[in-house]
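Shown next, in structure tokens, is the structure this report addresses.
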Amino acid sequence: GIVCLKTAAVLSVLAIATGCLHNNGGKVQFIPENLRSSISASLGAMWSSIVDSGEPAYVWACIVLGSHTLAYWGMAAFYMMLEPLGLCQKYRILKDKRPDPALVKKCALESALNTCIMPFVAYYTFPLVNAGSPSVLSKEIPSVTWSLSKLCVYILTEDFLFYWVHRGLHHKSVYGMIHKRHHTFRVNHPLCAEYAHPFEFLVANLVPFLAGPSLFGTHGVTFIAWTLLRISETVDAHSGYRLPFSPYQMFDKVQGGSQRHDYHHSHNVGSFGSFTTFWDVLCRTDVPYRVHQLKATPAARSSSFSFNLGRKDHCAAMNSLAELQSSRPNDTLRGVRIGEQPSSLTSMKEVVDFARQHASDALVSFTYVQSA
């Protein structure tokens, strides 16, 4: 079983990354035809041997266990070894803080138990998986185009569902009962990516993760790739490091990333997304983080903001920005507008005073310009 699951994980990465497998007459031209054919035949034979290694439910349980173990425990081990080896410490986000060792130990034990339970759940739920995706263990491996298109759909589906469920779990009526458990980690640790209340694990983690494959179909190889992609992303986000070579940090303005999620844990506000910042930007739940970054990097630059006067997180961010301007009197506001109308407000103190006097859902927008 162990050899089967590790081979399946490696196989999926090779098949997706090289694009050497195809169907429906599709051609891939970026590697020589003879080499592509040789790799395609070898990987096809490997996948067939995995599919034939046991009854379908057993094979599926091995695939789920193997891909999750490689992504979660493998990525976590990588990040956990950085400090003992003295590597990449300049990329640690909170350089002088560490999570409680007792809490990390508790988290590790629970994660190990969950990993042991996982293959049994996968085994007994395989009939449901097979009903939704009859070709999930087909010996014909899908084309790279098919797999990549599915992965894109899975990301968009997961990002949408995770944002709204995660944001809902921060509502004061349920936060203390459910999501507070995950936020006992005020300083992130790679293993805490899956440290959650059972209800949260089911509704906020598992449902968004499985929604894409369940709604839009999947194949075993594509599912392995999706597991590796999603689980490694969330471990990276909880790692406490912002490594410049991480694929999840390459496009900071559109990707979630560890720095945003570190802020989310340390300040417990905003930045609810996973893969992307799309929903945070659209719903302006990224505002507290952006103000925090503005204060942390006082170089000469400008940033545009829109504050909703009726939101507590926005009011707190405005107060924080007012503190910044009081310490930097040469910073200015430009283009201040209340709703659609231009305003004569010229400082953050005036904006904050206006907000206190006008408790409403009006928007105050402006560009904050930091002086050199």
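As the structure is a computational prediction, the values presented were derived from the model and not from experiment. Counting begins at 1 with the first residue of the sequence.
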Minimal non-hydrogen separation, Ser246 against Asp236, with atom names: OG-OD2, 3.0 Å

side-chain contact (heavy atoms from CB on, under 4.5 Å) between Phe199 and Leu202, worked out: CA-CA 5 Å; Phe199 179 83; Leu202 174 65; 5.6 Å; no

Ring centres under 6.0 angstrom apart (His265, His189): no

Polar contact flag, side-chain donor to acceptor under 3.5 angstrom, Thr285-Tyr163: yes

Aromatic ring proximity His197/His179, centre distance under 6.0 Å: no

Within-4.5 Å side-chain heavy-atom neighbours: Ile338 and Leu345: yes

Ionic contact status for Glu158 with Arg230, cut-off 4.0 Å: yes

Which atom of Ser306 lies closest to which atom of Val287, heavy atoms considered: O-CG2, 3.9 Å

Modelled atom types, side-chain donor and acceptor of Ser347 and Gln325, under 3.5 Å: no

Nearest atoms (heavy-atom pairs only) where Gly257 meets Gln249: CA-OE1, 3.8 Å

His264 and His166 aromatic ring geometry - parallel, tilted or perpendicular at 30°/60° bounds: perpendicular

Side chain proximity check, Arg181 to Glu200, heavy atoms < 4.5 angstrom: no

Asp52/Lys139 ion pair, N-O < 4.0 Å: yes

Residue pair Tyr175 / Asn268, side-chain donor-acceptor N/O under 3.5 Å: yes

CA sep, side-chain torsions, deciding dist, call: Ile155, Leu229, side-chain contact (heavy atoms from CB on, under 4.5 Å): CA-CA 9 Å; Ile155 288 173; Leu229 180 66; 3.7 Å; yes

is_close_aromatic(His182, His238), centroid dist under 6.0 Å: yes

Side chain to side chain, Ile50 and Val59, heavy atoms closer than 4.5 Å: yes

Pairwise side-chain contact, Leu137 with Phe126, heavy-atom cut-off 4.5 Å (strictly under): yes

Hphob cluster co-occupancy, Val281 + Phe305, side-chain heavy atoms under 4.5 angstrom: no

Thr218-Trp226 side chain donor-acceptor pair, cut-off 3.5 Å: no

Tyr241 versus Glu83, side-chain donor and acceptor atoms under 3.5 Å: no

Donor-acceptor under 3.5 Å (Ser149 side chain, Trp146 main chain): yes

Joint hydrophobic cluster, Val153 plus Phe160, side-chain heavy atoms closer than 4.5 Å: no

Within one Ile-Leu-Val-Met-Phe-Trp-Tyr cluster: Phe245 and Tyr79, side-chain cutoff 4.5 Å: yes

Over 12 foreign heavy atoms within 6.0 Å of CZ, Arg98: yes

Test item: side-chain donor near acceptor, Tyr263 and Ser271, under 3.5 Å: no

ILVMFWY network linking Leu191 to Met118, side-chain heavy atoms under 4.5 angstrom: no

Reference residue Trp60; test ring-ring contact (aromatic ring centres under 6.0 Å, His included); the match among Tyr123, Phe120, Phe223: Phe223

Donor-acceptor under 3.5 Å (Ser326 side chain, Glu323 main chain): yes

Ring centers of Phe366, Phe307 separated by less than 6.0 Å: yes

Pair Tyr195-Thr184, side-chain donor/acceptor within less than 3.5 Å: no

For the student: nearest non-hydrogen atoms of Gly273 and Asp280, plus distance: N-OD2, 2.9 Å

Lys/Arg cation over aromatic Tyr368: Arg290, 6.0 Å, 45° cone: no

pair Ile231-His68: side-chain heavy atoms closer than 4.5 Å: yes

pair Trp164-Trp279: side-chain heavy atoms closer than 4.5 Å: yes

Ring center gap for Trp47 and His219 short of 6.0 angstrom: yes

Test log, rule side-chain contact (heavy atoms from CB on, under 4.5 Å), inputs Phe78 and Ser239: CA-CA 10 Å; Phe78 166 76; Ser239 67; over 6 Å; no

Hydrophobic cluster membership, Leu94 vs Val269, 4.5 Å side-chain cutoff: no

Glu55 CD: over 12 foreign heavy atoms closer than 6.0 Å: yes

